[in-house]
Amino acid sequence: MKSFLKYTLATIVGILITGLLFFIIFFSAMGALIPKGDKTAEIQPKSLLRMELSHVIMDRSPRDPFANFDFRSFEPTTTLGLNEILANIEKAGKDDDVEGIYLDLSVIPAGMATIEEIRSALIEFKDSGKFIIGYADNYMQTTYYLASVADRVYMNPAGRVNMTGLSSQLMFFKEGLDKLGVEPQVIRHGEFKSAVEPFTRNQMSEENRHQVNAYVNTLWNYMAEEIAEHRNISQDTLNWLVENLALNRPETALNYGLVDGLKYKDEVLDELREKSDVGDEDVRFVGMKKYNRVPEIKDYKGLARDKIAVIYSMGTVMMGEGQEGTIGSDRISGAIREARKDTSIRAIVFRVNSGGGSALASEVIWRELQLAQQEKPVVASFGDVAASGGYYIAAPADTIVASPNTLTGSIGVFGLFFNSKELLNDKLGIHVDVAKSHSYSDLGSPFRSMTEKEKEAIREGIKQVYDDFVSHVAEGRDMAEEEVDDIARGRIWSGMDARRIGLIDLYGGMQKAVDLAAEMAELDQYRTVGLPRLKDPFQQFVEGFSGDIRSKVLRQTLGNEARYYMNLKEAAGMEGIQARIPYKIEVY
């Protein structure tokens, strides 16, 4: 009885603590959005825009309170989307109260194409005649790439430029599956469609290694060329420094011109104080969060009737509604339909940042974009990745704009089915029996191997999806199907190579796409609207709390190392017929 009371009391206390934790998170998360959401802000003259980009950068800022909550400190944060970051940089260039930009850099958890868009915006900002100063205790490759456009680049005297070249680390599960007794049953079309390799091999195939090396080297060459140009150093010298690990000393970075000075932060602050002419006062920094609430310079665009819809498609392509951060077929196709039927929307920018997913969901979205393209101009804007299903859905666009370092292509299809019979029978002692009306009623069952006839039926289906994919791309890009097939077969391409072979048209980011859409629609005055419409914060909170909070906590706690968990999580959802990128290529 005593033991019973002890455990009962422990259970009650646990429930009370959990409930208290829920309310703490609830009110803190909602407080991150509600109090200041609609209030404007003012800044003092001679201010400096301080850019600190340590939070994950999505294409547009979410209203999800969990995205704006730090589970480590239990404090609200603010996550700015790429759209707001770019708008702030442009606004600062026109703002007489802003003297310049201070890049306060540590780590930027964003893809290379996202960083490229921010970097390009900073280059345009310099046309205003204002200055940019970058500082970091240590530079990672991506932070240095961004800082390389600054007028002055400084580093802590004890720091280093961690530049070792680019690599891609892929995770393979075959041996682990063998030990568990799980058999991956794979059917693919295209020798480069290597999304299934992690389940069938312990290392890359030669075809896969070839395409990954090609992508990584193309990306590095572009990055090195840009750094060399802006830092006035030869590309050969930069490659020598990287190849010989010569940048492990801060003096080397200074001597070769990669940084302009080795300074402590207080010394940088003194220089910023002098350049902004505030005398003995502290530097008048304004953060991105506050500056986001400073009104834009009035140009009457906000009053224009004509609109350009920017439709944001981010994440895995899937059937159903989905939510912000995923490409649900119903949600995204509905947004395209809304933009097509709204007569005040004169053009569409279809922003894609996705490595694909469900082949059927991709077809649903493709159809709606095709219908929209028949009625008004459609410009596709590619982010970090627009490959496989991510390319499929954008194929009907009149023009495709991408970054030189966007990962794209991967035109191919695969089927993946798991047979867990050995795991259940031999390792767990669990047996499954079946009664069925027809020979193949349990097709795709995870409790047995597929027969050759079943595999052939699925193979025919995959071939049909691949043929449809190639046909859609050929129609959208005005190419022969044979031409598309030659560059398809699941192969990935960088934006630079994609332009050369005709998969994209122009280099640029979201603003370039919007400008082009306005030109195609012959608009002088217009305003942009974002679709799908974001849900209100409370609805996002309820959905977020019932969703995968664990992933958000892990990303915040583990930082960059959380990718290993995310890779495993994504691998578990790859069953069925997929038009999906082979893997996630991340630059380190």
Is it the case that more than 12 heavy atoms not belonging to [X] sit under 6.0 Å from its [atom1] atom?
| X | atom1 | result |
| --- | --- | --- |
| Asp127 | CG | yes |
| Asn244 | CG | yes |
| Gln374 | CD | yes |

*If you measure only the distance, is there a donor-acceptor pair under 3.5 Å linking the side chains of Asp384 and Thr114?*
yes

*For residues Glu84 and Asn88, is any side-chain donor paired with an opposing acceptor at under 3.5 Å?*
no

Is [Y] close to [X] at the side-chain level, that is, under 4.5 Å between some pair of heavy atoms?
| X | Y | result |
| --- | --- | --- |
| Met51 | Ile101 | yes |
| Glu475 | Gln370 | yes |
| Lys91 | Leu49 | no |
| Ile487 | Trp493 | yes |
| Val352 | Tyr391 | no |
| Leu254 | Tyr154 | no |
| Leu122 | Leu146 | yes |
| Arg533 | Glu338 | yes |

Euclidean distance, [Y] [atom2] relative to [X] [atom1], rounded to 0.5 Å:
| X | Y | atom1 | atom2 | answer |
| --- | --- | --- | --- | --- |
| Ile115 | Gln141 | CD1 | CD | 10.5 Å |
| Ile504 | Ser381 | CD1 | OG | 10.5 Å |
| Ser494 | Leu219 | OG | CG | 7.5 Å |
| Leu369 | Ile332 | CG | CD1 | 11.0 Å |
| Ile365 | Ser358 | CD1 | OG | 8.5 Å |
| Ile327 | Asp330 | CD1 | CG | 13.5 Å |

*asked:* side chain to side chain contact (heavy atoms under 4.5 Å, CB included) for Thr408 and Ile492? Distances and angles first, verdict last.
replied: CA-CA 6 Å; Thr408 189; Ile492 60 169; over 6 Å; no

*What pairs of residues pass the salt bridge (charged side-chain N to carboxylate O under 4.0 Å, His left out) test when at least one of them lies in residues 216-241, not counting sequence neighbours?*
Arg119-Glu226, Arg231-Asp260

*Under the side chain to side chain donor-acceptor pair (under 3.5 Å) criterion, do Asn239 and Trp220 qualify, and how do the steps go?*
CA-CA 10 Å; Asn239 279 315; Trp220 168 257; 2.8 Å; yes

*Using 4.0 Å as the upper bound for N to carboxylate O, is an ion pair formed by Arg340 and Glu368?*
yes

*Would you call Asp497 and Arg500 a salt bridge, taking side-chain N to carboxylate O under 4.0 Å as the test?*
yes

Which pair of non-hydrogen atoms, one from [X] and one from [Y], has the smallest distance, and what is that distance?
| X | Y | result |
| --- | --- | --- |
| Ala246 | Trp240 | CB-CZ3, 4.1 Å |
| Glu52 | Ser106 | OE2-OG, 4.3 Å |
| Gly357 | Thr316 | CA-CG2, 4.2 Å |
| Val317 | Ser354 | CG2-OG, 3.7 Å |
| Ser54 | Pro109 | O-CG, 3.4 Å |
| Arg499 | Asp505 | NE-O, 3.4 Å |

_Lys130 NZ/CZ over Phe125 ring centroid, <6.0 Å and within 45° of normal_ = no

Check whether any side-chain N or O of [X] sits under 3.5 Å from a backbone N or O of [Y] as a donor-acceptor pair, and report yes or no.
| X | Y | answer |
| --- | --- | --- |
| Glu124 | Ala121 | no |
| Arg477 | Gly502 | yes |
| Asn353 | Met314 | no |
| Asn217 | Asn213 | yes |
| Asp398 | Val378 | yes |
| Thr326 | Gly322 | no |

*Report the C-alpha distance between Arg331 and Glu324 in whole Å, list the side-chain angles of each, state the deciding distance to 0.1 Å, and finish with yes or no for salt bridge (Lys or Arg N to Asp or Glu O under 4.0 Å).*
CA-CA 9 Å; Arg331 181 168 168 269; Glu324 188 77 0; 2.5 Å; yes

*Any chance you could lay out the side chain to side chain donor-acceptor pair (under 3.5 Å) test for Glu116 and Tyr222, step after step, and finish with the verdict?*
CA-CA 11 Å; Glu116 183 72 23; Tyr222 176 80; 2.9 Å; yes

*Please report the C-alpha distance between Glu363 and Tyr392 in whole Å, then the side-chain angles of each, then the deciding distance to 0.1 Å, and finally whether the side chain to side chain donor-acceptor pair (under 3.5 Å) criterion is met.*
CA-CA 8 Å; Glu363 176 74 11; Tyr392 195 126; 2.3 Å; yes

_Pair Thr406, Val385 - check side chain to side chain contact (heavy atoms under 4.5 Å, CB included), show working._
CA-CA 5 Å; Thr406 293; Val385 55; 5.7 Å; no

*List the steps, then state whether side chain to side chain donor-acceptor pair (under 3.5 Å) holds for Tyr291 with Asp95.*
CA-CA 11 Å; Tyr291 197 63; Asp95 192 339; 2.9 Å; yes

*asked:* Between Phe285 and Tyr102, does the ring-ring contact (aromatic ring centres under 6.0 Å, His included) criterion hold? Intermediate values first, please.
replied: CA-CA 9 Å; Phe285 284 129; Tyr102 171 52; 5.4 Å; yes

*Can Lys307 and Asp342 be said to form a salt bridge (Lys or Arg N to Asp or Glu O under 4.0 Å), step by step?*
CA-CA 10 Å; Lys307 295 177 284 190; Asp342 188 338; 3.7 Å; yes

*Applying side chain to side chain contact (heavy atoms under 4.5 Å, CB included), run through Lys376 and Ile345 and close with a yes or a no.*
CA-CA 9 Å; Lys376 54 190 68 176; Ile345 292 177; 4.3 Å; yes

*With under 30° as parallel and over 60° as perpendicular, where do the rings of Tyr144 and Tyr139 fit, or are they tilted in between?*
perpendicular

*Yes or no on side chain to side chain contact (heavy atoms under 4.5 Å, CB included) for Leu82 and Arg351, after CA distance, side-chain angles and deciding distance?*
CA-CA 12 Å; Leu82 177 61; Arg351 174 69 173 189; 3.5 Å; yes

